[in-house]
Structure formats: C-alpha cells, structure tokens
Amino acid sequence: MQNNPLVTIICLCYNHEAYVVESLNSVINQSYSPIELIIVDDCSTDSSKTIIRTWLEKNPQIQFIVNETNLGNTKSFNKALKIAKGEYIIDLAADDILLPNCVTLQLEGFKNSHYKNLGVVYGNVELISENGTFDSYYFPVNEQKKVIENRITGDIYQSVLSGGNSICSVSAMIKKTVFDHLQGYDETLAYEDLDFWIRASRLYEFDFIDEPLAQKRIVANSLGSDFFKKKDSRAKKINHSTYLILKKAITINQTRAEDLAIQKRINHEIIHTLKINDFGLFLKFIGLRILLIKRKSFKH
C-alpha cells in the first residue's frame, strides 16, 4: 500500500496489569505501518503503570499519558484524541488484542468499499477467556469462519437504533474526521460506544469486513457485565447513560420508521429495568415511549 496513511491506536488501560503487554505488543507487531500508538493509564491502582514504563524502555518513541485521577473511558480517550495525528483511529482496551493483519484489512476495507460517505469499517472478533483461550465469535460464523447472518452496511442508523446492528468497538477503524466532526466521545456518559455509533451512523456510512480482526477478552469485572447488576452504583450510571443516549437519539430522528426502531430498543430497556429492579429508570423509559407515541410529525 503506497503512501500509507498514519493510523493512530489509542490504548486505554485501567488495572490491566495481566494483559497490557500482550495488548501493546499486538499493536507494534501489526503487518502495517506507520502506526502511532498513544497509551493512557487511567490512574490504575495495580502495577499497570510500572509494567507499561518497563515496556516503554524498548519502545521510547511511544506516547504515554498518565491520569492523576480516574477520568473514565470517555474523557481518557478524548484526551489522547486531541494529540492524535493519524487519519484513522482505533480505540483499543488494554485487555484486548489486535490480530496481526487487523490494520491492513481495515484500510483495505476503506480503500475497496463502494460507499462514498464511509466513516467506519469494522469486522468480526474472537471472544477469549481471561487466560486467553478461545471462547466464541462475536458474530457467529460457519465452517469457513464467515458470518452466518449478513451484516447491514451503508446507512445503518435505523438498525443501530433498534439494537440489531451491534458493533464490537475493538474491531472498528474510524476516520479521524468523523471524531473531529462529532467532537469525540460524549464525556457525560458512563460508556461511549452506543452513543457514538448512533451519532456517527446518522451522518456516515459503515462497512463490514467478514474476517476476525481482534480478540476481545471476557473478564468478570468488565463494563458489559455491569449492565445486569442489581443495586450497584456503577450499573446504575451505565444504565442511566443508556437512557440519556436514547433520549438524545430521539431528537435526531427524522422519520416515523426511525421512531419505531428506537421504540423497539426502549421496549427492551423497559424490560431490563424491571429485571434489575430500577423502577425510577423504568418510569423514565416509559416517558420516552409515551413521547414517541405522541409525536406526529418531524421538523425538516
């Protein structure tokens, strides 16, 4: 690939002492270059910072940001994004791993796609256990390791709203111009991906690479597992963020079909709030559903 564009990989670390070296090595061992790696430690309380500094002795050119207080994923990522020089961005958690040809395949996806307004390219992911053994695929595959169910591509906004077009963030490469336009992640939220996919898919097209691009580690204390905890402060913040995300999405809907799509997602969240006994949030989602039912027209 001639005139190779610079790709920035932002690796966020919080108490990932057992995994961070493997994650960082997966970046510097990519088949593609040039790559800019920016590491952010979000005030880890384990040995992560010491391990990263030791690793950096052999990789002194790599930028390392150490947060003095715990800022969370959204603020930490945006901090690194401000100094990123790449034309394309990958958001990598320090317990996940990029497969060696990940960046090459993603850039080929951008180059070969027929979409003219392409902002994001993503692929399949191998889910692995804490000790690194294979568990399953994020999107189920056949014997040829191709997805069983075709992914919706291009304009995926309506599908993202309904919950049918889930994307594993570690497999995604995003144009820096998309982040610039959307002003990065929303720092008021406890998690970033759903809100960003909604806002990005409203304006840009997405394409899918039918290949495993990365390995995502399934850990007991992961953010994803916190969605389902009852009477947990972190879970409460995460689920309230989902409410804020969907409330914001309603304001950018443009058609009745899009309202019906987000209503499907809201119905799911209503059931979820009952399962976790969060009746205050249950009433807020009911309020969103009533708002959608009452809405008759759109401003253009």
Side-chain angles (χ1 to χ4, degrees), residues 12 14-15 42-43 69-78 91 93 95 127 138 156-170 172 182-202 216 218-299:
L12 301 182
Y14 179 67
N15 290 348
D42 194 18
C43 199
T69 58
N70 182 260
L71 300 180
N73 283 1
T74 55
K75 291 180 181 178
S76 296
F77 180 88
N78 285 350
D91 179 356
D95 57 347
L127 302 178
Y138 190 83
I156 69 167
Y157 177 73
Q158 190 169 309
S159 182
V160 171
L161 288 182
S162 68
N165 218 316
S166 59
I167 297 168
C168 190
S169 297
V170 69
L182 299 177
Q183 299 181 306
Y185 291 149
D186 184 340
E187 296 184 2
T188 67
L189 301 172
Y191 71 101
E192 68 286 345
D193 49 357
L194 175 58
D195 172 71
F196 189 79
W197 300 140
I198 289 172
R199 292 190 292 133
S201 63
R202 174 81 283 177
K216 182 173 180 59
I218 306 167
V219 292
N221 62 344
S222 68
L223 191 69
S225 64
D226 285 337
F227 280 90
F228 306 98
K229 291 180 180 177
K230 296 181 180 180
K231 298 180 180 178
D232 178 85
S233 60
R234 191 179 183 209
K236 198 171 185 68
K237 289 178 182 177
I238 292 169
N239 287 300
H240 186 256
S241 284
T242 302
Y243 163 76
L244 295 175
I245 291 165
L246 298 183
K247 182 180 179 182
K248 183 164 55 167
I250 288 172
T251 67
I252 62 173
N253 275 4
Q254 297 175 358
T255 67
R256 182 62 182 159
E258 290 167 358
D259 270 6
L260 291 173
I262 203 169
Q263 188 169 309
K264 182 179 178 181
R265 172 71 71 105
I266 289 169
N267 289 343
H268 168 80
E269 295 300 331
I270 288 171
I271 295 169
H272 174 67
T273 55
L274 289 174
K275 287 180 179 178
I276 61 173
N277 299 330
D278 191 334
F279 299 111
L281 196 55
F282 166 80
L283 292 174
K284 287 184 176 181
F285 278 116
I286 290 291
L288 291 185
R289 194 173 187 278
I290 292 170
L291 174 65
L292 288 170
I293 292 170
K294 288 184 175 179
R295 181 149 72 172
K296 303 296 182 183
S297 61
F298 291 84
K299 295 178 181 179

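Only a predicted model underlies this, so the values are computations on that prediction, with no experimental measurement involved. One-based numbering along the sequence shown.
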Measure across L127 and Y138 and return the closest heavy-atom pair with its distance rounded to 0.1 Å.
CG-N, 4.1 Å
Does the side chain of N73 pick up a donor-acceptor pair with the side chain of Y185 at under 3.5 Å?
no
What pair of heavy atoms forms the shortest contact from A190 to S241, and how long is it?
N-OG, 2.8 Å
Within the structure provided, determine whether D42 and L12 are in side-chain contact (heavy-atom separation under 4.5 Å).
no
Considering residues at least two apart in sequence or located in another chain, which fulfil the side chain to side chain donor-acceptor pair (under 3.5 Å) criterion with K284?
H240
All heavy atoms of N78 vs all of G184, minimum pair found to be OD1-CA, 3.6 Å
For K248, all residues meeting salt bridge (charged side-chain N to carboxylate O under 4.0 Å, His left out), sequence neighbours excluded
D186, D195
Answer whether the closest heavy-atom distance between the side chains of F282 and I286 falls below 4.5 Å.
yes
Could you tell me which non-hydrogen atom of Q254 sits nearest to which non-hydrogen atom of E258, and how far apart they are?
N-OE1, 2.6 Å
So does D259 get a backbone contact from the side chain of R295, meaning a donor-acceptor N/O pair under 3.5 Å?
no
Find out whether D91 and S169 are in side-chain contact, i.e. whether some heavy atom of one side chain is under 4.5 Å from a heavy atom of the other.
no
At their closest point, which heavy atom of F285 faces which heavy atom of L246, and how far apart are they?
CE2-CD1, 3.9 Å
Taking the side chain as every heavy atom from C-beta outward, state whether R265 and L161 have any pair of such atoms under 4.5 Å apart.
no
